[in-house]
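Shown next, in structure tokens, is the structure this report addresses.
Every number for a ligand or one of its atoms is a count from 1 in the order of the listing. These values consider heavy atoms only, across backbone and side chains, with no hydrogens, waters or symmetry-generated copies.
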Amino acid sequence: MKGNHIVWDKVKAGQALFLSWKSLRLRIFLIIIVTGVIPCILIKDGILNNYEERAVSLRTSDVQTQVKIIADHLLNYNYLQETSSEVINAEIDQLSNLYDGRVLIINSNFKVVKDTYDISVGKTMISEEVMKCFKGQNTANYDEKNGYIEITTPIMQQGVDKNKDGQTEESVIRGVMLTSVSTDSIAATMEILGRKGNVLEILIGMVIFGVAVVLSNILVRPFDRLTDAINEIQEGYTGELISVPDYVETVHIVDAFNQVLARMKRLDDSRQEFVANVSHELKTPITSVKVLADSLRDQGEVPVELYKEFMEDIAEEIDRENKIINDLLALVKMDKTASDLNISVVDINELTEIILKRLRPIARKRDIEVVFESIRQVTAEIDEVKMTLIITNLVENAIKYNREQGSVKVVLDADHQFFILQVSDTGIGIPEEAMEHIYERFYRVDKSHSREIGGTGLGLAITRSAVLMHRGSIKLTSVEGEGTTFVVRIPLNYIAS
Ligand code: ADP
């Protein structure tokens, strides 16, 4: 039942999509229909027009030939003066019957001497065509609307006048034959042809419709498959890549999509790894606290000093847990967008001095000297809290990973665009292979050493995020056993995106 519903929903969605003008399927369908049907209509009309033209011109020349013969006969029988000649009358009647037409014969006085309809005999006929004809022009006009062809033919007497050399000089037009012939038979043939054409057109139209439906579905199917594949992934991502190799276009879409998938997978993996790391890091101090508390409880009578010592250890582990949680919170804040920065104009020299003052007592415990060299006075548009984190983390690390009686040097310089903060130490250095991992969350070169000195492995991750939020850069150079230098460059003016 549910399956039926889904199928029905899909059909309805398909119909809605098909009806939308934006549907590729509809567009392919329409293109096939238009490119198929329009030529069909044009060809039919072209054939019919061509036929009509040819038929009219054939009929005109047929009639003209016959009229010409009659016109020549007329003169022999002196018909323009006397219209009683039976031979000519029979010829004229035959012509008008044959073409279902009317013949008028006009003499040189523009008088109608013969009309096969017997209506205009004796009347004067001065039409444009007749005048033209008297000047020697044959005319033939097709009146499509009323369905006839009107033809004028001059009645010519050849070589009547002779010049002084006895040669025929010119022909004289003695009258005009005005013939109208019906084109009904042509129209009837056209109608039959037109009807046949229509039937053919409908048949071809039906075939084109079928082809359009099938083709538009077949051509769009790869895109449907693509949508299905993407939907399947949406329902439950298995890590499998999709493939729809039908078109270059689908291959491009699939490639782009697979890249997004791979990125998602990387993000997913790193999120899982992060959660695993966080749990592990948070569990470590708690496990220590539990072990300490259990041993105190199980020992029965314990001297007060031991109690105190254990309690101090427990307090230390709680501090550590606190530090990890604080660092995690700082990191989460960094993951937000740059718009979360709280920008103000800050005196960087002063800020550095304050931080160093706070850190010097820690350095002094291990006899480490902290020097500040300010090359120029710097004020910049920065987020003070995040900048404090950057400087604190770098200087803290320079102290933590230093040797006894070592030194830390902080140099502040600026050019016209950036200020540059350089933190160098004379410490243990960072091995070459560790350099690319140093900014990863929870990464520590020497886990137990870092733990001993209270590291969480989050400091440099926080520092790098804060630098990037300011659209700055961080670089490091280090020689193992000699020392490390971190160089941070931050724009003097905050660049809003
Ligand atoms: P931690 O809290 O462990 O110091 P960080 O992210 O600040 O974490 O640093 C990551 C690791 O990089 C440290 O554990 C340490 O091994 C190494 N490191 C960082 N700064 C220095 C430095 N100045 N000298 C040597 N090693 C360093």
Report all N/O contacts between ligand 1 and the protein shorter than 3.5 Å as a table of atom names and distances to 0.1 Å; if there are none, say 'none'.
from, atom 1, to, atom 2, distance (Å)
ligand 1, 2 (O), Thr456, N, 2.7
ligand 1, 2 (O), Gly457, N, 2.9
ligand 1, 3 (O), Tyr401, OH, 3.1
ligand 1, 3 (O), Ser450, OG, 2.8
ligand 1, 3 (O), Gly457, N, 3.2
ligand 1, 4 (O), Asn397, OD1, 3.2
ligand 1, 4 (O), Lys400, NZ, 3.1
ligand 1, 4 (O), Tyr401, OH, 2.8
ligand 1, 6 (O), Gly459, N, 3.3
ligand 1, 6 (O), Leu460, N, 2.8
ligand 1, 7 (O), Asn397, OD1, 3.4
ligand 1, 7 (O), Asn397, ND2, 2.8
ligand 1, 7 (O), Leu460, N, 3.3
ligand 1, 8 (O), Gly457, N, 3.3
ligand 1, 14 (O), Tyr401, OH, 3.1
ligand 1, 16 (O), Val445, N, 3.1
ligand 1, 20 (N), Asn397, ND2, 3.3
ligand 1, 23 (N), Asp425, OD2, 2.9
ligand 1, 24 (N), Thr484, OG1, 3.4

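Ring geometry, Tyr439 versus Phe486: the interplanar angle exceeds 60°, so the pair is classed perpendicular (tilted spans 30 to 60°).
Counting all heavy atoms, side chain and backbone alike, Val467 lies closest to Ser473 at CG1-N, 3.4 Å.
Side chains of Ser288 and Arg320: a donor-acceptor N/O pair is absent below 3.5 angstrom, by distance only. Arg366 and Asn402 share no donor-acceptor pair across their side chains, judged by distance under 3.5 Å alone. Side chains of Thr463 and Asn393: a donor-acceptor N/O pair is present below 3.5 angstrom, by distance only.
A salt bridge links Asp246 with Arg225; the closest basic N to acidic carboxylate O contact falls under 4.0 Å.
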